[in-house]
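Here the structure is a predicted model, which is why all the values come from computation and not from measurement. Every heavy atom of this structure was used, including side-chain atoms; hydrogens, water molecules and symmetry mates were not.
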Number of protein chains: 2
Amino acid sequence: MQNFNSISVENFIKTIYQFELREGKDTRSGSIAKELGITNAAATDMARKLASKNIVAYQKYKALKLTADGKKMALHIVRRHRLWETFLHQVLGLNMHEIHQEAELLEHATSEFLLDKIDAFLGNPTTDPHGDPIPNKNGVIEKEKEVLTLSAAKVGECYEVCRLVGGHKEFYDFCQANKLTVGAFISINKQYPHTKMTEIEIGSLRISLHADLAGMIYLKKLKKSAEHISSTSKNG
Amino acid sequence: MQNFNSISVENFIKTIYQFELREGKDTRSGSIAKELGITNAAATDMARKLASKNIVAYQKYKALKLTADGKKMALHIVRRHRLWETFLHQVLGLNMHEIHQEAELLEHATSEFLLDKIDAFLGNPTTDPHGDPIPNKNGVIEKEKEVLTLSAAKVGECYEVCRLVGGHKEFYDFCQANKLTVGAFISINKQYPHTKMTEIEIGSLRISLHADLAGMIYLKKLKKSAEHISSTSKNG
DNA sequence: TTTTATTTTTAAGTAAACTTAAATTTAATA
DNA sequence: TATTAAATTTAAGTTTACTTAAAAATAAAA
């Protein structure tokens, strides 16, 4: 599936896809327009255009929805974006807060051929550095395991960090400084509901996070014990 | 120097630059138009537009020339192109005939920030895999040494391959199969002026090339002896 | 429920980057 | 040099992706 669409079209499709996933986010033209930095009128135009191509299901004044075709296209765009993010982070050493912006440009200038090379070079990764899943060549995303945020984690349990949902430098710097990377193993020491703090152990470190931060860190539960785990973290 | 220009503008500037370098190539709008796959009318429009921005020196019916500003811009675009070619070849293992097409897309989607990372990762190379010079961050190209084609090389002398001016898969496949890569060392065994063949030695190989091929391979003369050289080739 | 506010859509217009077709200029040839 | 051929430019029109401003529909508040 090659890229026959303009950058504007690709970004429009991608934005609808991302908003459809995040509950609470409505996908009416105004919402999409705001995200893309264009006027509502422009978004309506685009919606009608893509509706005529059976990429978007569009009814006046209603929320925009991707058709099956549209969703497939979105997944291929997302694949390009996340493979580039992974590549830029792992190979060129760009920081977490730097990769999105660059991938945003590169994703529209990448042939299927080149993408295959990048994918193979990285060993066909299934998640990007934020822990977001990378759709495969056919646009299929591996079924994700159940996750919860750090602020909802249970005392005494052990978890693997599987997602960092932030965006700003400071958050990623904090995570990096405290070894909180995707794939890291942690255990929950204590929850302080009133002050909204969570105390965790990661390796030999013991740190406390406020819910504002903890809510951006997603975990999946492990079956293994904390003792066993702390010495086998993927991230040393 | 960030990219404030469209892809069309960048390609237009780059093409003039490249045509100005190749003697014999005229740089009138029609010639540029043909290369870019657009009509003469479109090229004239663009020429006038860029003239108004002092990027191109344009007089009706005359050849197009880049101004100092235009040349500087061209050099930055060429830098992006050649760094990407080098990266794709060295890091992702793309073949010689594959890198141009991909770099053609990526060069318009690369920030100065990312380019610096790529440049550093590659160790600030001064030539791309074809042997073409990579302008530095300021758009300056290292003064090139005197070169000559393989068909013009002198019997008994030793040379370093410094440029492969081709473009088609077969040519590059042939070169690769015979270890004729940029940086390789060769010596000239015999010249056959009537049949236009050149016999060369490269490592332990002895091969004969017709001028059609030999004319695409550029060399620079070495001072060292052939014996000493054959064991110290950059390319094994 | 009526009024008001917000959002979306329609309508009209713009800029970039093209196109085709006709007019003009330059180059080539008889 | 006059004529013909080739190339370039101008003019007018198209498409994409926007814009602003007015009209229409939906949602919120009184």
Reckon [X] has a side-chain N or O less than 4.0 Å from the OP1 or OP2 of [N]?
X	N	result
B:Lys60	C:dT26	no
B:Ser29	D:dT9	yes
B:Arg28	D:dT9	no

For A:Leu150 and A:Leu219, which heavy atoms make the closest approach, and how far apart are they?
CA-CD1, 3.7 Å
Over all heavy atoms of both residues, which pair between A:Gly215 and A:Thr149 is shortest? Give the atoms and the distance, please.
O-CG2, 3.7 Å
Of A:His100, A:Gln101, A:His108, which meets side chain to side chain donor-acceptor pair (under 3.5 Å) against A:Glu104?
A:His100
Nearest whole angstrom, please: distance from the [atom2] of [N] to the [atom1] of [X].
X	N	atom1	atom2	value
A:Leu36	D:dT16	CG	P	18 Å
B:Asn11	C:dA17	CG	P	11 Å
B:Glu10	C:dA17	CD	P	11 Å
A:Arg48	C:dT10	CZ	C1'	8 Å
A:Gln59	C:dT7	CD	C1'	17 Å
A:Phe4	D:dT15	CZ	P	20 Å
A:Ile32	D:dC18	CD1	C1'	17 Å
A:Asp26	C:dT8	CG	P	7 Å

Can you find a pair of side-chain heavy atoms, one from B:Lys14 and one from B:Asn11, that are under 4.5 Å apart?
yes
Would you say B:Met46 and B:Val9 make side-chain contact, with heavy atoms under 4.5 Å?
yes
To the nearest 0.5 Å, atom CZ of A:Phe174 lies from atom CD1 of A:Ile217 at 6.5 Å
What distance do A:Glu98 atom CD and A:Tyr172 atom OH have between them, rounded to the nearest 0.5 Å?
12.0 Å
Can you give one letter per nucleotide of nucleotides 18-24 of chain C, 5' to 3': B if a protein heavy atom sits under 4.0 Å from the base, S if only from the sugar-phosphate, - if neither?
BBB---B
Using a cut-off of 4.0 Å on non-hydrogen atoms, how would the nucleic acid contact of B:Tyr58 be classed: base, sugar-phosphate, or nothing?
sugar-phosphate
